[in-house]
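Bear in mind that the values here come from a model prediction, so they are computed numbers and not experimental data.
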Amino acid sequence: MHPAEALAQQLRPGRGWDRILGGEFRQPYMRQLAEFLADAEKAGKVLHPERRHCFNALNSTPLDQVEVVILGQDPYHGPGQAHGLCFSVRPHVAVPPSLKNIFKEIEDDLGIAPPDHGCLQPWADRGVLLLNAVLTVEEGNPGAHQGKGWETFTDRVIEAINRHRKGVVFLLWGSYARKKGRVIDRDRHLVLEGPHPSPLSAYRGFFGCRHFSRANQWLEEQDLPPVDWSLPDKAELIERYKKK
């Protein structure tokens, strides 16, 4: 089996993405990417997230249920952090600084207190596609998998949402996300742009952007349910997902 075929098996069927994106795994760029990942693993390099969580964002949020898209750049490169959702970490991992700022803005915007963890899996299950531009990284080597093909694949994801869905809210934080979102049809979707929530830039306009309430207002105007941005506490969340 070619590594691209093995990689394709991680994309869960029945979510709509396999129908739209299945052909990508036969494209030269994806075959080269899959070979690169396989060679890295054979060389003993540790990749994050682990293979079964590589497409967690797509597997968690079916195409026809996408209401909001948040774009990130790379997975976290520390041990045990990444699990396939941008900005999110596993429940037992310390909340990263950018995510702390996201929680702060949600509290200021919607009055929702920050949780005692940084796992955003419930958002993904509620229609928030938490998509990184690059879906893997080498442990301890940030950006190691940039320019290897993932960006092309995730461009296809954005194009699929742009074409097959209507009324989706895109939250583009930072120059990288704004650039990647240039293909989005502003007549079909709502695009909210702002600075990245990183401690280096959050005070330049991320704080006070009110993107979460504005997203919900837009969804309600489209006769769609608003997103519940609250998260269960750590103990409840671990119990809920321990079988997954």
Side-chain angles (χ1 to χ4, degrees), residues 1-38 49 51-75 82-88 120-121 123-136 145-172 176-192 215 218-219 222 224-225 227 244:
M1 179 184 296
H2 191 276
E5 296 173 1
L7 188 61
Q9 291 181 350
Q10 304 306 313
L11 190 62
R12 192 177 304 166
R15 299 297 195 271
W17 302 109
D18 56 327
R19 177 175 55 85
I20 301 295
L21 302 171
E24 296 300 309
F25 294 91
R26 295 188 292 273
Q27 297 298 316
Y29 83 89
M30 182 56 82
R31 294 179 72 83
Q32 292 170 8
L33 168 62
E35 290 169 358
F36 166 79
L37 297 174
R51 185 177 291 269
R52 67 189 180 96
H53 289 307
C54 181
F55 297 120
N56 190 21
L58 302 178
N59 290 338
S60 297
T61 313
L63 176 59
D64 63 0
Q65 295 179 24
V66 175
E67 291 192 358
V68 176
V69 178
I70 298 178
L71 288 181
Q73 188 167 351
D74 291 281
H83 64 123
L85 305 177
C86 73
F87 292 105
S88 181
L120 306 181
Q121 185 68 50
W123 289 3
D125 295 339
R126 298 170 191 162
V128 181
L129 183 67
L130 298 166
L131 182 68
N132 274 316
V134 178
L135 300 186
T136 57
H145 293 181
Q146 291 179 8
K148 303 299 184 182
W150 278 128
E151 294 92 341
T152 300
F153 180 80
T154 51
D155 280 346
R156 300 292 181 269
V157 173
I158 295 170
E159 291 166 3
I161 299 167
N162 186 53
R163 187 183 320 116
H164 296 284
R165 301 282 286 131
K166 187 175 181 180
V168 171
V169 182
F170 289 83
L171 304 183
L172 308 182
Y176 186 91
R178 290 197 297 271
K179 181 179 180 181
K180 194 168 180 68
R182 286 176 181 170
V183 301
I184 301 165
D185 184 350
R186 267 69 169 176
D187 292 329
R188 289 174 60 86
H189 308 285
L190 176 65
V191 178
L192 299 176
W218 164 268
L219 292 171
Q222 312 306 307
L224 296 169
V227 174
K244 293 191 176 183

Begin with the C-alpha distance, continue with both residues' side-chain angles, and end with the deciding distance and a verdict on side-chain contact (heavy atoms from CB on, under 4.5 Å) for Lys148 and Tyr29. CA-CA 8 Å; Lys148 303 299 184 182; Tyr29 83 89; over 6 Å; no
Would you say Arg26 has more than 12 foreign heavy atoms packed within less than 6.0 Å of its CZ? no
From the list Val68, Leu190, Val168, side-chain contact (heavy atoms from CB on, under 4.5 Å) partner of Leu219 resolves to Val68
Is the Phe25 to His2 ring centre distance short of 6.0 Å? no
How long is the gap from [atom1] on [X] to [atom2] on [Y], to the nearest 0.5 Å?
| X | Y | atom1 | atom2 | result |
| --- | --- | --- | --- | --- |
| Gln27 | Leu33 | CD | CG | 13.0 Å |
| Leu63 | Arg163 | CG | CZ | 10.0 Å |
| Arg182 | Asp155 | CZ | CG | 11.5 Å |

Which pair of non-hydrogen atoms, one from [X] and one from [Y], has the smallest distance, and what is that distance?
| X | Y | result |
| --- | --- | --- |
| Phe170 | Ile161 | CZ-CG2, 3.7 Å |
| Phe55 | Leu7 | CE1-O, 3.4 Å |
| Glu67 | Leu224 | OE2-CB, 4.5 Å |
| Trp17 | Ala160 | CZ3-CB, 4.5 Å |
| Pro75 | Val134 | CD-O, 3.1 Å |
| Val169 | Trp218 | CG2-CD1, 3.2 Å |

Are any non-hydrogen side-chain atoms of [X] and [Y] less than 4.5 angstrom apart?
| X | Y | answer |
| --- | --- | --- |
| Cys86 | Leu71 | no |
| Leu58 | Leu129 | yes |
| Ile184 | Arg186 | yes |
| Pro28 | Arg31 | no |
| Asp64 | Arg15 | no |
| Val157 | Leu21 | yes |
| Ile158 | Val69 | no |
| Thr154 | Lys180 | yes |

Just by distance, do the side chain of [X] and the backbone of [Y] share a donor-acceptor pair under 3.5 Å?
| X | Y | result |
| --- | --- | --- |
| Arg165 | Val66 | yes |
| Arg126 | Val227 | no |
| Arg188 | Gly167 | no |
| His189 | Asn162 | yes |
| Trp123 | Val128 | no |

Residues Met30, Trp150; criterion side-chain contact (heavy atoms from CB on, under 4.5 Å); working and verdict: CA-CA 8 Å; Met30 182 56 82; Trp150 278 128; 4.3 Å; yes
Which of parallel (below 30°), tilted (30 to 60°) and perpendicular (above 60°) describes His53 and His83? perpendicular
Let's go through Arg12 and Asp18 carefully: what are the C-alpha distance in whole Å and the side-chain angles of both, what is the deciding distance for salt bridge (Lys or Arg N to Asp or Glu O under 4.0 Å) to 0.1 Å, and is it a yes or a no? CA-CA 7 Å; Arg12 192 177 304 166; Asp18 56 327; over 6 Å; no
List the steps, then state whether side-chain contact (heavy atoms from CB on, under 4.5 Å) holds for Asn132 with Phe87. CA-CA 9 Å; Asn132 274 316; Phe87 292 105; over 6 Å; no
Chi angles and distances behind the side chain to side chain donor-acceptor pair (under 3.5 Å) call for Gln146, Asp74: CA-CA 8 Å; Gln146 291 179 8; Asp74 291 281; 2.6 Å; yes
For the residue pair Gln121 / Asn56, report whether a side-chain donor-acceptor contact shorter than 3.5 Å exists. yes
